[in-house]
Amino acid sequence: MAFFLTAPALSVAADDTKPGQPGSAVAANRVACSLQPKAEEPSDPSSTSAIPRAEKFIAREHFKEDIASSASVKISWLGATFAQRFTNKVEDDIGGASLQTYVLGAASSDKEILARLGASHESRLADVWCALKRQPNGNSGPLEINAKPNVFYVRDLTGELGAVDVLWGGVGWEIGASPVSDKPRWPAGTRVFSR
């Protein structure tokens, strides 16, 4: 089965292609993402201001259905599996991330994708939220908005790896989750994000 990954230009181009390997993953672009505010002048004396603060990402504060014009990210649907496995999760240290993007060249299973991505396959919920914040109203950007899924592999509350998929549904983002499977279910054109 062919597994070639490509993507249209995003913000910064990178090429991790390993020529000559059949089915190798072609990483097209990296997307920088940070949820931390810009650094301000520290108000503490220098002896304590050098101590890093531990930031937390509380999923339920961000992932909620809301398509009002005032919503920070328009979310029209949260799947039951996502709500059960991920919305009560709290992640520590939400520093910035550089996400690699891939586009599937053929229908693939989670296990095939994970095998080709290797050790850097995992993302965090904070990474998913950061990507959504870049396109809160379905505007163009790193995430596909043409009814093709965007997939992130994230650990749930119990530490089990799951596939979190986000899809622009016209009025808001639809966010689902499913167990990692060996059955092909992600169609060609699906965008996959990893660290």
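Everything quoted here is computed from the prediction, not taken from an experiment.
The same ILVMFWY cluster, assembled from side-chain heavy atoms under 4.5 Å apart, contains both Val128 and Leu78. Side-chain heavy atoms closer than 4.5 Å link hydrophobic residues (I, L, V, M, F, W, Y) into clusters, and following such links, even through other members, never connects Leu167 to Val103. Criterion: ILVMFWY side-chain heavy atoms under 4.5 Å apart, direct or through other members. Under it, Phe193 and Ile145 are part of a common hydrophobic cluster.
Taking CG of Asp66 as the start and CD1 of Ile75 as the end, the distance is 8.0 Å to the nearest 0.5 Å. Atom NZ of Lys64 sits about 11.5 Å away from atom OG1 of Thr87, to the nearest 0.5 Å. Taken to the nearest 0.5 Å, the CH2 atom of Trp129 stands 15.0 Å off from the CZ atom of Arg134. Annotation: the span from Leu99 atom CG to Asp127 atom CG amounts to 5.0 Å, rounded to 0.5 Å. Atoms CG and CG, from Leu132 and Asn137 in turn, are 11.5 Å apart once rounded to the nearest 0.5 Å. Here Tyr102 contributes atom OH and His121 contributes atom NE2; the two are 11.5 Å apart, rounded to the nearest 0.5 Å.
What you find for Glu122 and Leu161 is that their closest heavy atoms are CG-CD1, 3.8 Å. Residues Gly105 and Ala188 come closest through the heavy atom pair O-CB, 3.7 Å. Smallest separation of non-hydrogen atoms from Lys148 and Thr190: CD-N, 4.5 Å. Minimum heavy-atom separation, Pro136 to Ser72: CB-O, 3.1 Å. Taking all atoms of both residues into account, the shortest heavy-atom contact from Trp186 to Ser109 is CD1-C, 4.5 Å. Considering all non-hydrogen atoms of both residues, Ser120 and Leu117 come closest at OG-O, 3.7 Å.
A donor-acceptor contact shorter than 3.5 Å is absent between the side chain of Glu91 and the backbone of Arg124. Formation of a donor-acceptor pair under 3.5 Å by the Arg191 side chain with backbone atoms of Thr101 is not found in this model.
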Evaluate the side chain to side chain contact (heavy atoms under 4.5 Å, CB included) criterion for residues Asp156 and Lys89: first the C-alpha distance (whole Å), next the side-chain angles of each, then the deciding distance (0.1 Å), finally the verdict. CA-CA 7 Å; Asp156 67 9; Lys89 187 173 180 189; 5.8 Å; no

Could you go step by step and tell me if Trp173 and Asn150 meet the side chain to side chain contact (heavy atoms under 4.5 Å, CB included) rule? CA-CA 11 Å; Trp173 290 100; Asn150 300 280; 4.1 Å; yes

Run the numbers on Leu125 and His62 for side chain to side chain contact (heavy atoms under 4.5 Å, CB included), then give the verdict. CA-CA 10 Å; Leu125 286 177; His62 302 283; over 6 Å; no

Give the C-alpha distance, both sets of side-chain angles, the deciding distance and a yes or no for side chain to side chain contact (heavy atoms under 4.5 Å, CB included) between Leu143 and Trp168. CA-CA 9 Å; Leu143 296 171; Trp168 178 250; over 6 Å; no

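Proximity of Glu174 to Ser76: side-chain heavy atoms (C-beta onward) are separated by under 4.5 Å at one or more points. Side-chain atoms of Lys133 and Val73, non-hydrogen and from C-beta on, do get closer than 4.5 Å to each other. Looking only at side-chain heavy atoms (C-beta outward), Phe86 and Ile175 stay at 4.5 Å or farther from each other. Tyr153 is listed as a side-chain neighbour of Val151, based on a closest heavy-atom distance under 4.5 Å. Between Asp165 and Phe82, the closest side-chain pair of non-hydrogen atoms is not below 4.5 Å.
Counting only N and O atoms by type, the side chains of Arg185 and Ser178 include a donor and acceptor under 3.5 Å apart.
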